[in-house]
Protein chains: 2
Amino acid sequence: MKGIRRLAEHLDISIGTVSRALNGKPDVNEETRRRVLEAAEQLGYVANQSGRALRKGSTGVIGFMMQTGREITGQGDIFFMSVFDGVQTVLARHKLDLVALLCSSEEDPDDYLKRMVARGFADGIILSATRRHDARFEFLARHSIPFITLGRSLTDVGQPWIDLDFEGMAEMSIERLARAGHSRIGFVWPHGDLNLGYVFIERCREALARHGLTLAEECIFRANPNEAGGYAVARQIKDSAKPPTAIILVNETLVTGLYHGLEEVGLRPGPDIAIIGRRSPQARFLSPSLTGFELSLRDLGIALAESLLSAMPAYGHLYPEVVRRKLWPMSLIDGDSG
Amino acid sequence: MKGIRRLAEHLDISIGTVSRALNGKPDVNEETRRRVLEAAEQLGYVANQSGRALRKGSTGVIGFMMQTGREITGQGDIFFMSVFDGVQTVLARHKLDLVALLCSSEEDPDDYLKRMVARGFADGIILSATRRHDARFEFLARHSIPFITLGRSLTDVGQPWIDLDFEGMAEMSIERLARAGHSRIGFVWPHGDLNLGYVFIERCREALARHGLTLAEECIFRANPNEAGGYAVARQIKDSAKPPTAIILVNETLVTGLYHGLEEVGLRPGPDIAIIGRRSPQARFLSPSLTGFELSLRDLGIALAESLLSAMPAYGHLYPEVVRRKLWPMSLIDGDSG
DNA sequence: TACCAGACCGTAATCGTTTTCGGAAATCCT
DNA sequence: AGGATTTCCGAAAACGATTACGGTCTGGTA
C-alpha cells in the first residue's frame with residue numbers, strides 16, 4: 001500500500017477526502033484537514049508527480065531550454081545563473097519549479113524540444129539561443145504550449161519575447177566611437193544561425209549610416225562564440241591589410257579570448273584598438289578595463305517569468321499589466337578599452 | 001481522442017499492440033510494427049511521460065542538482081556546461097534525458113531535493129556542491145534512490161562519488177612553491193560549508209608538514225566563492241602585517257577577482273606574490289598567465305554518468321567494471337604567476 | 001480429421017492522483 | 001415537525017500508458 005491510499009487507510013477516511021484536504025479544497029471539515037495535514041507530514045507523504053500530472057494534465061514545472069557542449073551558445077554559461085535566479089523568485093510565488101532542459105550539442109534542438117513537449121514535461125517553456133529561423137517557435141505555437149523567448153527570431157509567431165536592446169547598444173557604441181574619431185569600425189559576428197548576430201550587425205549598419213559611415217565587409221570577423229573564437233579574431237585583425245581601429249562585440253564570451261589574443265599579437269585594447277563589448281561579471285576584471293554594456297540579469301529573469309506566466313491560462317489573470325515584448329535596456333559603462 | 005488511443009484508432013488495431021510495437025516487444029508482426037512506427041512518425045506521436053512513468057514506475061530522467069543565485073557554488077557556472085556534455089553522451093546511449101534541477105538560493109537544498117524525489121522526478125540523481133555535513137546523502141540512501149556525488153562529504157553513505165584530486169593538487173602546489181623557496185604560503189577558503197574547502201586545506205597542511213612548513217592561521221583568507229570574494233582577498237593580503245608570499249586557491253571563480261584586486265593594490269602575480277589556482281577556460285587568458293590545474297570536465301562527466309548508471313538496477317549490469325569512487329586527476333600547467 | 005504449437009493480437013487490470021457526483025447527516029427556516 | 005439547505009465525505013470515473021493473460025488463427029503432424 002503506497003501513496004495517498006496508505007495515508008487514507010491510516011486515517012480511515014477515503015482517498016478523495018485526503019486529496020481534497022491536501023489541495024486546500026473547500027468542502028472538507030477543518031478538523032479533518034488538520035488531521036490529514038498532520039499525518040502527511042508525519043508519514044512524509046508527497047503526492048506522486050506522475051499520477052498527479054496524468055490526472056491534472058499539468059506538471060507544475062517550467063522548462064528553460066539551453067544548449068550544452070563545447071561550442072556553447074551566444075550568451076553562455078554564467079549569464080544564465082543569474083537569470084535563473086530571477087525566474088525562480090517569480091515562479092516560487094506559484095509553487096512552480098524551474099528545471100533546465102539541457103539539449104546536448106549532439107542532438108538537434110528542434111527534435112529535443114519536440115520530445116520534451118510531447119512527453120508533457122513542462123507547462124511552460126523559456127527558449128534561449130534563438131536562431132534566425134527557429135522551427136521551435138512554430139512547433140510550440142502549433143501545440144499551444146505557453147512559451148516565451150529570450151531573443152527574437154524571424155520566425156515570430158506572436159509569442160512574448162524579451163531581447164537585449166541591440167538597437168540601443170548599436171547606437172551608443174557607434175555614437176561613442178564616431179565621436180572619438182573612429183571611422184573604420186569592425187564587428188565580430190559569432191558563427192551559427194543565432195539571431196542576435198544578424199540583428200546587431202543590422203543595427204550597427206544603420207547607426208553607422210546615421211554618422212555617415214559604412215561597415216566594410218572585411219571588417220566583419222566571424223568567430224566561434226567562445227574564448228577560442230575571440231582569440232582567433234586577434235590574429236585575423238593583425239593580418240588584415242587595413243585593420244579596423246575599433247571593434248564591437250555582441251557576445252560576452254568572446255571578449256576574454258580577444259583580449260588575450262590581442263596581447264599575443266602586440267595590440268593594446270584602448271591605445272591601439274578600441275574595444276566595446278558586454279561587461280559580464282568576469283569581464284569586469286579585465287585589464288585594461290572594458291568599455292561596454294551592463295545589465296541586470298536577475299531583473300531580466302523576473303520579467304521573463306512574469307511575461308511567461310501572463311501567457312499561461314492558469315496564471316494570466318494575475319499578470320494583466322505585464323509587458324509582453326521588451327528590449328532589455330543596458331547601460332554603457334566607461335572603461336579604458338575604448 | 002488523444003495519445004496512443006488515437007494512434008490505435010487510426011491504424012484500427014488495439015492500443016496494446018501499438019504499445020508493444022513501439023516498445024520493441026517481440027510478439028508483434030513485423031509488418032504491423034512497421035505500420036505503427038510509420039504512423040507514429042507521421043502523426044508525431046510520442047508517449048506521454050506521465051502515463052508512462054506512472055505505469056512503469058520510472059521516468060527516464062536523470063537529475064543534476066545545482067544551486068542558482070548570486071552566491072553561487074564552489075565550482076560554479078561554466079564548469080558544469082562541459083560536465084553536462086560528458087554526462088549526456090553516456091545517457092544518450094540509454095535514451096535517458098538529463099535535466100538540471102535548479103535549487104534557488106532562497107530555498108533550503110535539503111527541502112528542495114526532498115520535494116523532487118518525492119515527486120518521483122528522476123530515476124537517478126547527481127549531487128554537486130556537496131557540503132561537509134550533507135543531509136541529502138542520507139535522504140537519498142534512505143529512499144534508495146540511485147545517486148552519485150560530485151564531491152565527498154563526511155556524511156558518506158557508501159554511494160559512488162567522484163571528486164577532484166585535492167590530495168594531488170595540494171602536494172603538487174606545495175612541492176612547487178617550496179622548491180621555489182616559499183615558506184609563507186597562504187590559502188583562500190571559500191565561505192560556506194562546502195566540503196572541498198575543508199579537504200583541500202587539510203591536504204595542504206599535510207603537504208606543508210612534509211616539507212617542514214606550517215600553515216599560519218593569519219594566512220587563511222575567507223572569501224565568498226565568486227569574483228567579488230577574490231577581489232576582497234587582495235585587500236586583505238595587502239593589509240596583512242605579515243603577508244604570504246604565495247597563495248593557493250581551490251575555487252576557480254575566485255581567481256579573476258583576485259587578479260584584479262591585486263592589480264588595484266599594486267601587487268603583480270608572479271613577481272610579487274605567487275598564485276596557484278585552477279585554470280578554467282576563462283582563467284587561461286589571464287595575464288600574467290596563471291599557474292594552475294587543468295582537467296577534462298567532459299571526461300569527468302562521462303565517468304560520473306557511468307558510475308551512476310552502474311548503481312542503477314536497470315543498467316548496473318552494463319557497467320560492471322566501472323570505478324565507483326575516484327579522485328579525478330588534474331595536471332599542473334606552468335604559467336607566469338608562480 | 002483432430003490435435004497441437006506458435007504467432008499475433010485484443011481485453012482488461014493497473015499505476016496514483018484529482019474531481020465530479022450524489023448521498024447522508026446535520027443544520028436551518030417557517 | 002417537516003422541508004430546504006448546508007456541510008462533509010465516499011464511490012467511481014477519468015488521465016495515458018504498459019503488460020499479464022487468454023483467445024483466435026494459421027499451419028503442421030499424426
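Just so you know, these numbers use all the heavy atoms, side chains as well, and skip hydrogens, waters and symmetry mates. Chain letters run A, B, ... following the sequence lines, proteins first and then strands; every chain starts at 1.
B:Y112 places a side-chain heavy atom less than 4.5 Å from the side chain of B:L101.
If you measure from atom CZ of B:R5 to atom P of D:dC15, you get 8 Å, rounded to the nearest angstrom. Rounding to whole angstrom units, CG of residue A:L54 and P of D:dA13 are separated by 17 Å. If you take CD of B:Q49 and P of C:dC15, they are 19 Å apart, rounded to a whole angstrom. Following rounding to the nearest Å, B:N48 (CG) and D:dA17 (C1') show an atom-to-atom distance of 7 Å. Between A:I13 atom CD1 and C:dA24 atom C1' there is a gap of 17 Å when expressed in whole angstrom units. Straight-line distance from the NZ atom of A:K56 to the P atom of C:dT18: 7 Å, rounded to whole Å. Put simply, CG on A:L11 is 10 Å from P on D:dG10, counting in whole angstrom units. B:L7 has its CG atom 14 Å from the P atom of D:dG16, to the nearest Å.
A pairwise comparison of heavy atoms in A:F64 and A:L98 identifies CB-CD1, 4.1 Å as the closest pair.
Using cut-offs of 30° and 60° for the angle between ring planes, the B:F139 and B:H143 rings count as tilted.
Residues from residues 17-25 of chain A lying near DNA chain D, meaning a heavy-atom separation below 4.0 Å, are A:T17, A:R20 in numerical order.
Applying the 6.0 Å contact sphere to CZ of A:R132 captures more than 12 heavy atoms from other residues, nucleotides or ligands. Within 6.0 Å of CD on B:E41 lie no more than 12 heavy atoms contributed by other residues, nucleotides or ligands. The neighbour count for B:R325 CZ, taken as heavy atoms of other residues, nucleotides or ligands under 6.0 Å away, is above 12.
A:N195 contributes a side-chain N or O that, together with a main-chain N or O of A:R152, makes up a donor-acceptor pair within less than 3.5 Å. Using modelled atom types, no side-chain atom of B:T59 and backbone atom of B:A53 make a donor-acceptor pair closer than 3.5 Å.
Of the candidates C:dT18, C:dG10, C:dC8, C:dC8 carries the atom nearest the B:D27 side chain, counting heavy atoms from C-beta on. Here D:dC9 is the nucleotide among D:dT19, C:dC15, D:dC9 with the atom lying nearest to any side-chain atom of A:V28.
With hydrogens and angles ignored, no donor-acceptor pair under 3.5 angstrom links the side chain of A:R55 to the base of C:dT17.
When the side-chain nitrogen and oxygen atoms of A:R52 are compared with OP1 and OP2 of C:dT18, one or more of them lie within a distance under 4.0 Å. Residue A:Y45 places at least one side-chain N or O under 4.0 Å from the OP1 or OP2 atom of C:dT17.
Residue-level contact check: B:G3 touches the backbone only, with heavy atoms under 4.0 Å from sugar-phosphate atoms and none from bases.
When the local axes at the two ends of the helix from C:dT1-D:dA30 to C:dT30-D:dA1 are compared, using 5 base pairs at each end, they differ in direction by 60° after rounding to 10°.
The nearest heavy atom of DNA chain C to A:K2 and to B:T32 marks one nucleotide each, and the one closer to the 5' end goes with B:T32. For the pair A:I15 and A:N29, both in contact range of DNA chain D, the more 5′-proximal nearest nucleotide belongs to A:N29.
With rounding to the nearest 0.5 angstrom, the CG atom of A:L11 is 9.5 Å from the OG1 atom of A:T32.
Proximity of the aromatic rings of A:H10 and A:Y45 is defined here by a centroid distance below 6.0 angstrom, and this criterion is not met.
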